[in-house]
Enquirer: 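Before I ask anything, here is the structure I am working with.
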Amino acid sequence: MIAYLQDVAVLTRKDLLLELRSRETVPAMLLFVVAALVIFHFAVPEDLEPGTEEVVAKGLLWIAVLFTALLGLGRAFASEREQGVLDGLVLAPADRSAIWLSKSLSVIAFLLLMEAVALPAFALFYTTVDGPTVAAVLLADIGIACVGSLLSAMALASKTRELILPLLFLPLAVPIIVAGVGASIDDPGRFLGFLGLYDAIFAIISWAAFDYVVVE
Amino acid sequence: MSWWNRPGPSLAVGAFVLLLAGIALAFWWVPEDVDQGFSQKIFYIHVPIALTAYACFGWGAWKSFRLLWKGQEKYDLESYTAIHIGVIFGVLTLVTGSIWARISWNVWWTWEERQLVVFLILFLFYSAYFMLRYSIDPGPLRQRISAVYALFGAVLIPVSFLAVRLLGTLLHPNPLLTTRGPQMSGSMLGTFLVCFAGVIALGFALYQTELAGKRLDRRLRELRKALA
């Protein structure tokens, strides 16, 4: 158990260090999410009623978060792929699910950085961000990272990597959007509970399944 | 035991007879629905098709699970075929549901019909399954990745159902789903069960036929390779 956690820590550190030195993914995500929030302003009519405007804006926030996450997930295994690191990691005497867990953790870290910009920007442009929304975003991050890391590893084997990931991910993200928007605009308790359930279920099966999708 | 080895033809005949009987019962035996009138009769086809689609996805996931568990190659083709048939029934569910919505509410699509929304999500999900499968080179890795994705589908079905249901109770406290499901009279239930048996038999016959064809195809390819 300790050895497993050490493996996860080392691998996560590797991902974060790589990002810190190359600065490829996170800046792109930050720019993308702000650009998306700006674009959205022009996509909805300006003279909405006050109540409606808030509801619409919350929906847009979730779309922005999801698509930005997708952008980051597309790059999640980029370094592994380009340098052939994955083969080495798979051969290493460590449990393979540690690769998945570390990747999920680094994706969560990237998502948190992105949201640290996106939520204030959203509050500035549109409407205030309340507690339930923040809680829902945090819970959604876990689900997005868990499912996304597994699908991203699956997409590595595909010939159409960048193309296939959104197709695989979006149907699985529908419950996240339903619960996220629900928690932001309506009944936080029930929808946050549902998000927690989603995270737990998909974390467990992604963790169990990762072993099967990386080795030839 | 020739029947057991090749159940396709007998199943197809059984499905034909059962469906014919079901349609006859639906049109001439069951009294017309008080609220919806004649159009309600599509229920006897729409719901069995939907349930058969779920059964196919479940069967595909089960075969995927067997593949990952036992590592036997034969489960890959079985899982793929089940999902293939499931998608066909899923599309039929969307089409029949759409026709029903058109007649009941005068719209081709409504987000209020939560069963259909779940099917739309599943349709997108399993369409991606085919894209994924055909963008990977054939081999053990493709089999395992397809299997993992199929298993995700089996988890997504209840989760998205719950999600759509949660959303529904918020906007419309009284879902249509519960008003027609369990509260069936004897004649309705009887007809429904006959139709359900017919559609399930049809699905299974299609599955067997498709599977036999795919196996033959693969055998032929192996023989060609051996000759070349």
Side-chain angles (χ1 to χ4, degrees), chain A residues 55 90 100 143 146-147 150-151 153-183 185-195 197-216, chain B residues 57 61 64-65 67-71 76 87 90 111 114 117-171 173:
Chain A
V55 172
V90 166
W100 167 80
C146 289
V147 176
L150 182 85
L151 295 180
M154 279 161 71
L156 277 185
S158 156
K159 276 173 253 170
T160 51
R161 277 184 294 267
E162 297 80 9
L163 212 57
I164 198 96
L165 183 63
L167 300 180
L168 300 177
F169 181 71
L170 287 178
L172 282 164
V174 170
I176 296 181
I177 287 288
V178 168
V181 175
I185 64 174
D186 190 71
D187 177 3
R190 191 168 35 169
F191 285 105
L192 290 179
F194 177 79
L195 270 176
L197 184 74
Y198 180 96
D199 291 352
I201 293 172
F202 278 97
I204 289 169
I205 61 166
S206 305
W207 174 77
F210 188 80
D211 207 3
Y212 297 106
V213 304
V214 280
V215 206
E216 181 61 59
Chain B
F57 294 141
S64 299
F65 182 72
L67 174 88
L68 295 177
W69 191 256
K70 302 277 179 190
D76 177 59
V87 168
W111 293 101
R114 278 167 280 283
V117 175
V118 171
F119 265 95
L120 191 61
I121 299 169
L122 290 180
F123 173 70
L124 293 174
F125 179 87
Y126 284 107
S127 302
Y129 171 88
F130 291 109
M131 302 258 331
L132 177 70
R133 197 181 160 87
Y134 286 109
S135 67
I136 305 176
D137 292 323
L141 187 62
R142 176 171 96 166
Q143 293 172 4
R144 285 201 305 266
I145 287 181
S146 306
V148 166
Y149 197 67
L151 274 179
F152 264 71
V155 179
L156 181 68
I157 292 172
V159 168
S160 58
F161 202 84
L162 190 62
V164 171
R165 207 51 195 272
L166 275 180
L167 191 70
T169 49
L170 173 162
L171 296 171

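Protein chains get the first letters and strands the later ones, always in sequence-line order, with residue 1 at the start of each. Just so we're clear, the structure is a prediction, and the values are computed from it rather than from any experiment. Heavy-atom basis, side chains included; hydrogens, waters and symmetry copies ignored.
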Enquirer: Using a cut-off of under 4.5 Å on heavy-atom pairs, state which of L132(B), L124(B), L151(B), L122(B) scores highest against chain A.
Expert: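 Going by pairs under 4.5 Å, I would pick L132(B).
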
Enquirer: Within the structure provided, determine whether L168(A) and F152(B) are in side-chain contact (heavy-atom separation under 4.5 Å).
Expert: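 In short, these two side chains do not touch, never coming nearer than 4.5 Å.
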
Enquirer: So how far is it from S160(B) OG to Y198(A) OH, rounded to the nearest 0.5 Å?
Expert: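 Rounded to the nearest 0.5 Å, the OG-OH separation comes out at 9.5 Å.
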
Enquirer: Between L167(A), V181(A), I201(A), which residue shows the highest count of heavy-atom pairs closer than 4.5 Å to chain B?
Expert: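 Highest number of pairs under 4.5 Å: L167(A).
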
Enquirer: Tell me, for L150(A) versus chain B, whether the close heavy atoms (under 4.5 Å) come from the side chain, the backbone, both or neither.
Expert: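 Interface part for L150(A): side chain.
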
Enquirer: Mind listing the closest non-hydrogen atom pair of V213(A) and L141(B) along with its distance?
Expert: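 Taking every non-hydrogen atom into account, O-CD1, 3.6 Å.
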
Enquirer: Which one of V118(B), L120(B), V159(B), I121(B) satisfies the side chain to side chain contact (heavy atoms under 4.5 Å, CB included) criterion with V174(A)?
Expert: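 The residue from V118(B), L120(B), V159(B), I121(B) that satisfies side chain to side chain contact (heavy atoms under 4.5 Å, CB included) with V174(A) turns out to be I121(B).
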
Enquirer: Does F123(B) reach the side chain of P171(A), with side-chain heavy atoms less than 4.5 Å apart?
Expert: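 Contact flag for F123(B)/P171(A) side chains = no.
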
Enquirer: Pick one of side chain, backbone, both or neither for L151(A), based on which atoms fall under 4.5 Å of a heavy atom in chain B.
Expert: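 Looking at L151(A), just its side chain touches chain B.
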
Enquirer: If you take all heavy atoms of A128(B) and I164(A), which pair is closest and at what distance?
Expert: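 Where A128(B) meets I164(A) most closely, the heavy atoms are O-CD1, 4.5 Å.
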
Enquirer: Do K159(A) and D137(B) come within less than 4.5 Å of each other through their side chains, counting heavy atoms only?
Expert: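 Side-chain contact under 4.5 Å: yes.
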
Enquirer: Counting only heavy atoms closer than 4.5 Å, note whether Y149(B) contacts chain A via side chain, backbone, both or neither.
Expert: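 Both backbone and side chain.
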
Enquirer: Among L162(B), V164(B), L156(B), L166(B), exactly one meets side chain to side chain contact (heavy atoms under 4.5 Å, CB included) together with P175(A). Which residue is that?
Expert: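 With P175(A) as partner, L162(B), V164(B), L156(B), L166(B) yield a single side chain to side chain contact (heavy atoms under 4.5 Å, CB included), made by L156(B).
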
Enquirer: Give me the atom names and distance for the closest heavy-atom approach of S158(A) to S135(B).
Expert: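 The pair with the smallest heavy-atom distance is OG-OG, 2.7 Å.
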
Enquirer: Could you tell me which non-hydrogen atom of F202(A) sits nearest to which non-hydrogen atom of V155(B), and how far apart they are?
Expert: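 It is CZ-CG1, 3.9 Å.
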
Enquirer: If we define contacts as heavy-atom pairs under 4.5 Å, which of V178(A), I177(A), D211(A), L197(A) has the most with chain B?
Expert: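 Of V178(A), I177(A), D211(A), L197(A), V178(A) has the most heavy-atom pairs under 4.5 Å with chain B.
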
Enquirer: With only heavy atoms counted, which part of A179(A) is less than 4.5 Å from chain B, the side chain, the backbone, both or neither?
Expert: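 Looking at A179(A), nothing touches chain B.
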
